[in-house]
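Written below as structure tokens is the structure these notes are about.
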Amino acid sequence: MEPILSVKDLSVSFNAFAGKVHAVRDVNFDLYKGETLAIVGESGSGKSVTTKAILGILAKNGHIDSGTIMYQGQDMAKYKEADFYKIRGKRISLVFQDPLSALNPIMKIGKQITEALILSKAIEKSKAKARAIELMEAVGIPNAAERYDAYPFQFSGGMRQRIVIAIALASNPEILICDEPTTALDVTIQARILELINDMKRERDLSVIFITHDLGVVANMADRICVMYAGRIVEVGTCEDIFYRPAHPYTWALLSAMPDLHTEETLFAIPGAPPNMLHPPKGDAFAARNKYAMKIDFEKEPPYFKISDTHYAATWLLHPDAPKVEMPDILKHRIARMREEAGYEIG
Ligand code: ADP
Ligand code: MG
């Protein structure tokens, strides 16, 4: 199967006062029709920059240094601003963390959806209002027709995020990029928004790129997961590969740092902090925080080692000559428990 979006060797940097920030380094991934691909990593790992590069909305001081972003037979990495008009918010839509900043505070909510419909040319003007109300219903706004004339401040955070999703869907996009869409919401609202994104994806056969710092969030919804660290993808696999057979010590750390579904306890906090991307370290960027690091981890960048057809990880631990190192027992037990209880229903 051909991917609908294919990112190859993408590197993005920023010219900052202190020097060049290497935010995204040789990132590769494919997105397939109808799948949810999650990109997971700590804050600052380059998740948002990756998607901003895809949509051509990098900050002024940022640029794509190398790589290709193939979509519909064209390389979007080479696009000029005008080339994005037919793509952004039309074929590829974006949902951000903060619904307030995505909405116009002084425009009626229904009108904002109607405008998105008209702008995307998805529908005749005369039918736009009725369609907007349908969309409000589809994203779970009760009494949609009555609330067409409400303003954003009259809606709760969760309801606002539903409106942002309705606007994102107005153009009938092929790809929906969700960048921490639930991070600002409380846990129960978060779960409902995730459910909504999942439903919309299924009903509309969307491809979704779902970005989060929280692995637990994607357990129920991702088909595949890219684990990102210091601007690179360090492990990629199906949801089961990542949750049940994680191979990179950073993925082990992320899984261990996940709060327990029942007790809310975390086993552990990842020690140290991510590297300063003004000076990305040589070798495996996680080495300094990795108690299993070997000499080579500080010297040479690990290649991707193939674990299975779906599963790759960039860690020297997978080199045939590396000593046999297994994940910590405490994580082994946690994974065994997750499998048993399916508290995190994987896949
Ligand atoms: P996250 O994974 O949390 O979404 P980002 O993609 O936002 O991380 O950021 C990746 C890195 O790029 C961070 O080190 C961040 O400080 C840096 N960065 C992002 N935008 C800029 C900018 N406009 N100028 C300089 N550095 C930036
Ligand atoms: Mg971000």
Side-chain angles (χ1 to χ4, degrees), residues 5 7 9-29 31 36-67 69 76-77 81 88 92-102 161 164 168 175-185 190 193-194 197 208-218 222 225-236 242 248 250-251 253-254 257-258 269-270 272-281 284-286 288-289 314:
L5 179 77
V7 174
D9 301 323
L10 180 68
S11 293
V12 180
S13 66
F14 295 93
N15 292 315
F17 183 69
K20 190 168 168 168
V21 180
H22 300 268
V24 170
R25 305 182 298 146
D26 291 317
V27 157
N28 287 280
F29 63 83
L31 178 71
T36 298
L37 177 74
I39 303 179
V40 182
E42 280 167 291
S43 170
S45 54
K47 307 179 299 291
S48 295
V49 170
T50 301
T51 57
K52 286 178 182 168
I54 292 172
L55 287 167
I57 51 172
L58 287 170
K60 274 216 177 69
N61 63 333
H63 45 91
I64 294 177
D65 292 324
S66 58
I69 302 166
M76 292 201 289
E81 176 55 21
R88 194 194 302 136
I92 306 178
S93 287
L94 187 60
V95 175
F96 286 108
Q97 172 174 338
D98 177 11
L100 256 191
S101 69
Q161 195 59 301
V164 173
I175 300 174
L176 186 67
I177 299 179
C178 303
D179 190 347
E180 310 255 10
T182 62
T183 304
L185 305 173
Q190 178 171 327
I193 297 290
L194 294 177
I197 293 169
V208 177
I209 298 178
F210 192 98
I211 293 182
T212 175
H213 65 279
D214 181 356
L215 250 180
V217 162
V218 293
I225 299 174
C226 295
V227 178
M228 203 161 174
Y229 186 75
R232 283 187 197 283
I233 291 173
V234 297
E235 183 162 4
V236 58
I242 299 298
H248 196 289
Y250 181 60
T251 313
L254 272 186
M258 218 166 62
I270 308 175
N276 181 342
M277 299 312 285
L278 278 168
H279 310 286
D284 182 331
F286 189 57
R289 304 169 76 187

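Counting convention: from 1, in listed order, for ligands and their atoms alike.
Atom OG1 of Thr50 sits about 7.0 Å away from atom CD1 of Ile233, to the nearest 0.5 Å. With rounding to the nearest 0.5 angstrom, the CE atom of Met76 is 6.5 Å from the CG atom of Leu55.
The closest approach between a heavy atom of Ser45 and any atom of ligand 1 is below 4.0 Å. The closest approach between any non-hydrogen atom of Gly46 and ligand 1 is below 4.0 Å.
Here the closest non-hydrogen pair linking Leu10 and Val24 is O-CG1, 3.4 Å. Scanning both residues, Ala53 and Ile69, for their nearest heavy atoms gives O-CD1, 3.9 Å. When all heavy atoms of Arg25 and Pro281 are compared, the pair lying nearest together is NH1-O, 4.4 Å. Closest non-hydrogen pair, Val95 versus Ala168, comes out as CG2-CB, 3.8 Å. Taking every heavy atom of both residues into account, Ala230 and Ala285 meet most closely at CB-CB, 3.7 Å.
Protein heavy atom at the shortest distance from atom 27 (C) of ligand 1 is Phe14 CD1, 3.5 Å. Shortest contact from atom 6 (O) of ligand 1 to any protein heavy atom: Val49 N, 2.8 Å. The single protein non-hydrogen atom nearest to atom 7 (O) of ligand 1 is Ser48 CB, 3.7 Å, given as residue, atom name and distance. With hydrogens left out, the protein atom closest to atom 12 (O) of ligand 1 is Ala23 CB, 3.2 Å, a heavy atom.
Checking atom 16 (O) of ligand 1 against the protein gives no heavy-atom contact under 4.0 Å. Within a 4.0 Å radius of atom 21 (C) of ligand 1, the protein has at least one heavy atom.
Ligand 1 has an N or O atom lying under 3.5 Å from an N or O atom of Gly44, backbone or side chain.
Taking a cut-off of under 4.0 Å to the non-hydrogen atoms of Ser43, the atoms of ligand 1 that pass are 3 (O).
A donor-acceptor distance shorter than 3.5 angstrom exists from the side chain of Gln161 to the backbone of Phe96, with no hydrogens or angles considered. Checking side-chain atoms of Lys47 against main-chain N and O of Gly41 turns up a donor-acceptor pair under 3.5 Å.
Contact annotation for Asn61 and ligand 1: only side-chain heavy atoms (C-beta onward) come within less than 4.0 Å of the ligand. Under 4.0 Å from ligand 1, the heavy atoms of Ala59 that appear belong solely to its side chain.
Using a cut-off of 2.8 Å, one finds that Ser48 contributes an N/O/S atom close to the Mg ion (ligand 2).
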